[in-house]
Amino acid sequence: MKLILRSMGKYKEVIALTILIKLFGTLTELSLPYILEYMIDTVVPRGDLWVVLAWGTLMFIAAVSTRMLNVHANMRAIDTAHNVSFDVRQALFERTVRLSGSQFDAFGLPSLISRMTSDSYNVQSAVQQMQSLCVRAPMLLFGGIILTMFMDLPLSLILIAELPFLTMVVLLISSRGIPMYRQVQKRLDSVVRVMRENITGIRVVKALSKESYEKKRFETVNEALARQDMRASTVMAIPAPLMQLILNIGLTLVVLMGVRRVDQGLMQPGVILAFLTYFNMISMGVMGVNRIFMSLSKASASANRIDEVITCPADQQLLSASEAKRPQHYTGEEQILFEDVSFTYGELDGEDTMPSTAAEFAGEKRERAVEGLSFSIRKGESLGIIGPTG
């Protein structure tokens, strides 16, 4: 999540304005049932047509304003999400091309591809959801409950009593969802790896008549991805119907108690209608909160994978041209000079040169690939190096 918040910081002014527009849109939406209740219980009994038309016009303006403000805020959220995703992919690509050979091998090309594509898309979706729903959903949920408290406190207590159960469902399921989606992304890495190997080596596959073998090989990793994704999606699909059941139980109790209170003269009929409308809003708020947690569960796993690459420490500290020291025997001619150069991949003499995020791939100690290499190539000269590859 640090990556998402860090990337959104660049657009904090734009995001703040989007949230402000969303705030006004949600407030006008919350005012609609209150206006409706006032019209039914207070304005209509007066029998003044012009007053009814005036309040009806006000309700129409509030409804249109709600729609326009929400649509405008959503469009701005989409633009910002695309910009954040662009920045994340750019930063990931720039860091990828600077990875050393050992770091590149440790992460793996298929994993880097899936981080660039699937993971960055999950981040983009989360940024959009955070702007669109992180204001509207909680305000519909808590704002609806607060307004119902002003209308009729006993009925609103039924909705308030349901909040702990709704919160417990969301927290328990989301705590299991994040690790499961992290496994989904790892399975996706395997699918990308097999697909890439077959696409780049398709001529060899055909020459050796290995189409059936590679088909079964891809089917194996594809089935593993499908099973893991199904498990994660099934777990994250539990909250929606469960929370809807809890809310429907509350709605039934509200209707039964509301009818009884109307018969006793303790409340007006318009209050029940307003309660039903607010209940729908509260239900949308709960579903919105659930969508936020689902999106953040995916994005959190993806953002951590992207951040592993972006924050991966460099293998070597390279000196700039101004800081580098020239050899004492340098003659001023244009040349390429190697002087006592040594190089190794991975671990050497107990010193781990692998990135901390990929240390598990380091494995055994390595021998030096190059040791004590010295030569120079002057302008106009050429050098050929022959021998076994690798």
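What's counted below: heavy atoms across the whole structure, side chains too, no hydrogens, waters or symmetry copies. FYI, the numbering just counts along the sequence from 1.
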For residues [X] and [Y]: do they belong to one hydrophobic cluster (side chain heavy atoms under 4.5 Å, members Ile, Leu, Val, Met, Phe, Trp, Tyr)?
{"X": "Met39", "Y": "Val64", "result": "no"}
{"X": "Val271", "Y": "Val43", "result": "no"}
{"X": "Leu140", "Y": "Val71", "result": "no"}
{"X": "Leu141", "Y": "Leu242", "result": "yes"}
{"X": "Ile199", "Y": "Val192", "result": "yes"}

Does the [X] side chain pair with the main chain of [Y], one donor and one acceptor, at a distance under 3.5 Å?
{"X": "Asn222", "Y": "Phe218", "answer": "no"}
{"X": "Thr18", "Y": "Ala73", "answer": "no"}
{"X": "Ser120", "Y": "Thr117", "answer": "yes"}
{"X": "Ser85", "Y": "His82", "answer": "no"}
{"X": "Tyr34", "Y": "Ala274", "answer": "no"}
{"X": "Ser342", "Y": "Gly372", "answer": "yes"}
{"X": "Arg136", "Y": "Lys22", "answer": "no"}
{"X": "Ser65", "Y": "Ala62", "answer": "no"}
{"X": "Thr80", "Y": "Ala77", "answer": "no"}
{"X": "Gln131", "Y": "Val127", "answer": "yes"}

Taking the side chain as every heavy atom from C-beta outward, state whether [X] and [Y] have any atom pair closer than 4.5 Å.
{"X": "Lys215", "Y": "Glu211", "value": "no"}
{"X": "Val184", "Y": "Leu188", "value": "no"}
{"X": "Val370", "Y": "Phe338", "value": "no"}
{"X": "Glu37", "Y": "Leu273", "value": "no"}

Nearest non-hydrogen partners of [X] and [Y], listed with the distance:
{"X": "Leu99", "Y": "Phe107", "result": "CD1-CD1, 4.0 Å"}
{"X": "Tyr11", "Y": "Val84", "result": "CD1-CG2, 3.8 Å"}
{"X": "Met281", "Y": "Leu30", "result": "SD-CD2, 3.9 Å"}
{"X": "Thr66", "Y": "Glu29", "result": "OG1-N, 3.2 Å"}
{"X": "Ile160", "Y": "Met149", "result": "CD1-SD, 3.8 Å"}
{"X": "Leu153", "Y": "Ser156", "result": "O-OG, 2.7 Å"}

Measure the [atom1]-[atom2] distance between [X] and [Y] for me, rounded to the nearest 0.5 Å.
{"X": "Arg67", "Y": "Thr28", "atom1": "CZ", "atom2": "OG1", "result": "10.5 Å"}
{"X": "Ile306", "Y": "Ser114", "atom1": "CD1", "atom2": "OG", "result": "9.5 Å"}
{"X": "Met59", "Y": "Ile35", "atom1": "CE", "atom2": "CD1", "result": "6.5 Å"}
{"X": "Asp307", "Y": "Leu92", "atom1": "CG", "atom2": "CG", "result": "10.0 Å"}
{"X": "Leu157", "Y": "Ile145", "atom1": "CG", "atom2": "CD1", "result": "10.5 Å"}
{"X": "Ile246", "Y": "Phe165", "atom1": "CD1", "atom2": "CZ", "result": "7.5 Å"}

Residues in side chain to side chain contact (heavy atoms under 4.5 Å, CB included) with [X], at least two apart?
{"X": "Phe93", "answer": "Val97, Met116"}
{"X": "Leu383", "answer": "Phe375, Ile377, Ile385"}
{"X": "Glu94", "answer": "Gln90, Arg98"}

Surrounding CZ of Arg217 (heavy atoms of other residues, nucleotides or ligands, distance under 6.0 Å), is the total greater than 12?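 Above 12, so yes.
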Partners meeting side-chain hydrogen bond (donor to acceptor under 3.5 Å, both in side chains) with Arg115 (sequence neighbours left out):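 Arg115: side-chain hydrogen bond (donor to acceptor under 3.5 Å, both in side chains) contacts with Ser111, Glu308.
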Electrostatic pair Glu219-Lys216, nearest N-O below 4.0 angstrom: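 So Glu219 does not pair with Lys216 through a salt bridge.
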Show, in sequence, the C-alpha distance, side-chain angles and deciding distance for Arg46 and Thr42, and conclude whether the side chain to side chain donor-acceptor pair (under 3.5 Å) test is met. CA-CA 7 Å; Arg46 294 178 185 175; Thr42 305; over 6 Å; no
Is there a side-chain contact (heavy atoms from CB on, under 4.5 Å) between Arg187 and Val221 once you walk through the steps? CA-CA 7 Å; Arg187 296 291 185 185; Val221 295; over 6 Å; no
Verdict with supporting geometry, Arg89 and Gln124, side-chain contact (heavy atoms from CB on, under 4.5 Å): CA-CA 10 Å; Arg89 285 194 299 268; Gln124 176 181 323; 4.2 Å; yes
Please tabulate, for side-chain N and O atoms in residues 249-258, each donor-acceptor pair with protein atoms closer than 3.5 Å (sequence neighbours left out).
unit_1 : atom_1 : unit_2 : atom_2 : d
Thr252 : OG1    : Asn248 : O      : 2.9

Side-chain atoms of residues 231-240: list all donor-acceptor pairs with protein atoms under 3.5 Å, sequence neighbours left out, distances to 0.1 Å.
unit_1 : atom_1 : unit_2 : atom_2 : d
Arg231 : NH2    : Gln228 : OE1    : 2.7
Ser233 : OG     : Asp229 : O      : 2.8
Thr234 : OG1    : Met230 : O      : 2.6

